[in-house]
**Q** 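Handing you this structure, nothing more for now.
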Protein chains: 2
Amino acid sequence: MPTPAAALDVRPVSRLFKALGDETRLRIVALLAHGELCVCHLEMALDLNQSTTSRQLAVLRNAGVVETRREGAWVYYRLADQPDAECAEQLRALCADFLARPAIAREVKQLRATKGPQSCQ
Amino acid sequence: MPTPAAALDVRPVSRLFKALGDETRLRIVALLAHGELCVCHLEMALDLNQSTTSRQLAVLRNAGVVETRREGAWVYYRLADQPDAECAEQLRALCADFLARPAIAREVKQLRATKGPQSCQ
DNA sequence: TGGGGACATTCGAATATTCGAATATCCTCG
DNA sequence: CGAGGATATTCGAATATTCGAATGTCCCCA
């Protein structure tokens with residue numbers, strides 16, 4: 001029989017950290033901490049091509065880090081509630097840090113003003 | 001010139017999460033949250049072979065998550081202070097959770113009593 | 001209904017990570 | 001010194017992750 005440590009269920013946190021262990025995906029989370037954005041916003045803000053952006057978002061989606069909402073042809077991404085308490089706390093702490101960055105807050109506001117369903121491109 | 005989001009330095013957190021994004025390594029951190037342990041303790045507690053244990057510890061060491069202290073033939077591992085504030089907060093939150101698990105606390109106490117430089121094996 | 005934009009997925013090549021076995025290193029003790 | 005225990009590193013094979021390009025899918029609107 002396994003010892004307590006070997007039996008510890010660390011799968012939720014492991015899944016979360018695996019998804020967050022990438023610079024691009026962390027930057028996506030940093031932006032989404034300030035509110036929902038659509039794919040074209042992220043693509044522009046991070047200077048990524050469409051394929052890479054969508055694939056990285058799929059990783060975050062499969063890990064339960066983000067959720068989507070479709071609005072016409074556009075898909076909006078936002079941070080998802082974490083059902084696991086430990087994951088919730090980790091993600092909360094991370095976002096608290098990102099939220100404290102005015103430059104990012106300004107950028108997100110700017111993105112929403114200049115692009116989106118009404119003016120994406 | 002890069003946008004604020006693209007210029008965000010997420011390397012320290014990314015490095016931390018990459019190291020923590022593995023179930024075995026998370027279990028090691030769970031044990032070390034309760035105090036330093038030597039390699040043979042971890043090997044036994046997690047039912048890992050020597051090679052795997054040492055290699056996973058090397059990953060944590062290279063990521064700055066753990067530090068070592070040699071005592072004769074034995075090497076003790078402990079959690080390292082995080083110079084980066086964001087990393088410090090994440091690791092603190094994680095350990096707070098692990099510290100709240102009495103079964104792990106008991107196991108660590110037991111390990112230290114039954115193995116170690118004086119009675120390893 | 002069909003063209004075009006927004007997004008998702010697939011593809012193949014390149015790179016990285018993982019594992020157990022084997023080997024190397026370091027330390028103690030007789 | 002020399003054996004042996006504790007730990008670290010190397011090795012090669014298996015598996016996973018990553019990327020841009022190409023292709024699919026879904027939706028709006030003329």
Side-chain angles (χ1 to χ4, degrees), chain A residues 10-11 14-28 32 36-63 65-78 111-112 114-121, chain B residues 11 14-28 31-32 36-63 65-78 111-112 114-121:
Chain A
V10 289
R11 278 171 302 184
S14 168
R15 192 171 77 126
L16 176 68
F17 286 162
K18 206 165 297 195
L20 295 179
D22 174 275
E23 300 194 18
T24 296
R25 293 194 292 264
L26 275 175
R27 289 196 182 93
I28 291 175
L32 295 184
E36 67 171 14
L37 291 170
C38 69
V39 182
C40 62
H41 288 141
L42 298 166
E43 211 174 315
M44 159 171 282
L46 301 177
D47 192 29
L48 299 172
N49 65 38
Q50 190 268 321
S51 173
T52 295
T53 308
S54 191
R55 235 183 310 96
Q56 300 286 37
L57 284 168
V59 172
L60 292 172
R61 202 181 336 116
N62 290 331
V65 177
V66 301
E67 292 172 340
T68 63
R69 170 176 76 84
R70 179 175 278 276
E71 181 167 329
W74 288 267
V75 175
Y76 275 87
Y77 278 80
R78 63 174 176 278
L111 282 169
R112 269 199 283 257
T114 58
K115 288 180 66 90
Q118 57 285 1
S119 64
C120 204
Q121 204 50 247
Chain B
R11 278 172 303 185
S14 169
R15 193 172 76 126
L16 177 67
F17 286 161
K18 208 165 296 196
L20 296 178
D22 174 274
E23 300 195 18
T24 295
R25 294 194 292 267
L26 275 175
R27 290 197 182 92
I28 291 175
L31 286 163
L32 295 184
E36 67 171 13
L37 291 171
C38 70
V39 181
C40 62
H41 288 141
L42 297 166
E43 214 174 313
M44 158 169 284
L46 300 177
D47 191 30
L48 299 172
N49 64 39
Q50 191 269 321
S51 173
T52 296
T53 308
S54 190
R55 236 183 309 97
Q56 299 285 36
L57 284 168
V59 172
L60 292 172
R61 202 180 338 115
N62 289 332
V65 177
V66 301
E67 293 172 339
T68 64
R69 169 177 76 83
R70 179 175 279 277
E71 181 167 329
W74 290 266
V75 176
Y76 275 87
Y77 278 80
R78 63 173 175 277
L111 282 169
R112 269 199 283 258
T114 57
K115 289 181 63 96
Q118 57 284 2
S119 64
C120 206
Q121 205 51 246

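Chain A is the first sequence line, chain B the second, and so forth, proteins listed ahead of strands; every chain is numbered from 1.
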**Q** Picking from C:dC19, D:dC27, C:dC7, which would you name as closest to the side chain of A:Arg70?
**A** D:dC27
**Q** Taking for each residue the nucleotide of DNA chain C with the nearest heavy atom, is it A:Ala73 or A:Ala58 whose nucleotide lies nearer the 5' end?
**A** A:Ala73
**Q** Can you check the B:Leu57 CG to C:dT17 C1' distance for me, whole Å?
**A** 17 Å
**Q** Can you find a donor-acceptor N/O pair under 3.5 angstrom joining the side chain of A:Gln50 to the base of C:dA8?
**A** yes
**Q** With respect to the phosphate group of C:dA6, does any side-chain polar atom (N or O) of A:Tyr77 fall under 4.0 Å of OP1 or OP2?
**A** no
**Q** Verify, without hydrogens or angle tests, whether A:Arg15 (side chain) and A:Phe17 (backbone) share a donor-acceptor contact under 3.5 angstrom.
**A** no
**Q** Write down the distance between NZ (B:Lys18) and C1' (C:dT17), rounded to a whole number of angstrom.
**A** 11 Å
**Q** Grab the CD-P distance between B:Glu23 and D:dA16 for me, whole Å please.
**A** 14 Å
**Q** Distance check needed: C:dT17 P versus B:Arg15 CZ, whole Å only.
**A** 14 Å
**Q** Which nucleotide in the list C:dG20, C:dT9, D:dT7 gets nearest to the side chain of B:Asn49?
**A** C:dG20
**Q** Base, sugar-phosphate or nothing for A:Glu43? Non-hydrogen atoms, less than 4.0 Å.
**A** nothing
**Q** If you check the A:Trp74 side chain, which of D:dT18, D:dT7, C:dC7 turns out closest?
**A** C:dC7
**Q** Quick check: on DNA chain D, is the nucleotide nearest A:Thr52 upstream (toward 5') of the one nearest A:Gly72, or the reverse? Name the residue that is more 5'.
**A** A:Thr52
**Q** Mind calculating the distance between CD (A:Gln56) and P (D:dT17) to the nearest angstrom?
**A** 12 Å
**Q** Nearest heavy-atom pair of A:Ala19 and A:Leu60: which atoms, and what distance?
**A** O-CD2, 4.0 Å
**Q** For residues B:Arg78 and B:Arg69, report the shortest heavy-atom separation together with the two atoms involved.
**A** NH1-CB, 3.5 Å
**Q** In whole Å, what is the span from the CG atom of B:Leu42 to the P atom of D:dA8?
**A** 10 Å
**Q** If only side-chain N and O atoms of A:Arg25 are considered, is one of them under 4.0 Å from the OP1 or OP2 phosphate oxygen of D:dT18?
**A** yes
**Q** Could you tell me how far apart B:Arg61 (CZ) and D:dT9 (C1') are, to the nearest whole angstrom?
**A** 10 Å
**Q** Determine whether more than 12 heavy atoms belonging to other residues, nucleotides or ligands lie under 6.0 Å from atom CG of B:Asp47.
**A** no
**Q** Can you identify which nucleotide, out of C:dT10, D:dA8, D:dA6, has its nearest atom closest to the A:Arg55 side chain?
**A** C:dT10
**Q** What's the closest nucleotide to the A:Ser51 side chain, out of C:dC7, D:dA21, C:dG20?
**A** D:dA21
**Q** Calculate the interatomic distance between A:Met44 atom CE and C:dG5 atom P; express it in whole Å.
**A** 16 Å
**Q** Over all heavy atoms of both residues, which pair between B:Val39 and B:Thr53 is shortest? Give the atoms and the distance, please.
**A** CG1-CG2, 3.8 Å
